[in-house]
Amino acid sequence: MVLPSDTISPKLHSKLVQISAKISQALEISGPMNVQYIVKDNDVKVIECNLRASRSFPFVSKTYNIDFIETATRIFLGQNVTPNTNCDMPLKHVCVKFPMFSFQRLLGADPQ
């Protein structure tokens, strides 16, 4: 995962944000959610929406330097939380998350 994405246009990014907002509003989601998309050119399809924090949640939190866990906890406790506008600010850096597979635990697996 690369954040912010270096392969989508600002227009497509805006479209993904709008779709995500519509999903969260329609489902009345007040906490973390994980939405997965298929994108080809400017055609966007939603694969799934999970009402949970994914393993990427801490990665995104670190990338934006925002404690999303604290924010989610406050929401779960029924406290009023205003959206953090830092999410809308362009980042001055790029963060990369890559999977670490345990190839040695898979008999005959070739990590190449």
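Numbers here simply count residues along the sequence, with the first being 1.
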Q) For the side chain of Asp41 and the backbone of Asp43, is there at least one donor-acceptor N/O pair under 3.5 Å apart? A) no
Q.
I'd like to know if the side chain of Ser14 and the backbone of Lys11 have a donor-acceptor N/O pair within less than 3.5 Å.
A.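 No: the side chain of Ser14 does not pair with the backbone of Lys11.
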Q: May I have the step-by-step check of side chain to side chain contact (heavy atoms under 4.5 Å, CB included) for Val44 and Leu12, ending in yes or no?
A: CA-CA 9 Å; Val44 177; Leu12 180 57; 3.6 Å; yes
Q: Check whether more than 12 heavy atoms from other residues, nucleotides or ligands sit under 6.0 Å from atom CG of Asn65, and answer yes or no.
A: no
Check whether [X] and [Y] end up in the same hydrophobic cluster, where Ile, Leu, Val, Met, Phe, Trp and Tyr are linked by side-chain heavy atoms less than 4.5 Å apart.
X: Phe68; Y: Ile75; result: no
X: Ile8; Y: Val46; result: yes
X: Phe57; Y: Val17; result: no

Please name the pair of heavy atoms, one in [X] and one in [Y], separated by the smallest distance, quoted to 0.1 Å.
X: His93; Y: Thr63; result: NE2-O, 3.0 Å
X: Val81; Y: Arg74; result: CG2-CB, 3.8 Å
X: Ile66; Y: Cys87; result: CD1-SG, 3.7 Å
X: Lys97; Y: Ser56; result: NZ-OG, 3.1 Å

Q: Please step through side chain to side chain contact (heavy atoms under 4.5 Å, CB included) for the pair Tyr37 and Leu16, ending with a clear verdict.
A: CA-CA 9 Å; Tyr37 301 95; Leu16 293 170; 3.9 Å; yes
Nearest 0.5 Å, please: how far is [atom2] in [Y] from [atom1] in [X]?
X: Asn34; Y: Glu48; atom1: CG; atom2: CD; result: 6.5 Å
X: Leu91; Y: Met89; atom1: CG; atom2: CE; result: 10.5 Å
X: Leu51; Y: Glu28; atom1: CG; atom2: CD; result: 11.5 Å
X: Leu3; Y: Lys62; atom1: CG; atom2: NZ; result: 13.5 Å

Q. Which other residues end up in the same hydrophobic cluster as Val96, if Ile, Leu, Val, Met, Phe, Trp and Tyr are linked when side-chain heavy atoms come under 4.5 Å apart?
A. Val2, Val94
Q | Trace of the side chain to side chain contact (heavy atoms under 4.5 Å, CB included) decision for Ile29 with Cys49 | A | CA-CA 11 Å; Ile29 299 171; Cys49 175; 4.2 Å; yes
**Q.** Met33 vs Ser24, side chain to side chain contact (heavy atoms under 4.5 Å, CB included): CA-CA, chis, key distance, verdict
**A.** CA-CA 8 Å; Met33 70 178 194; Ser24 67; 3.9 Å; yes
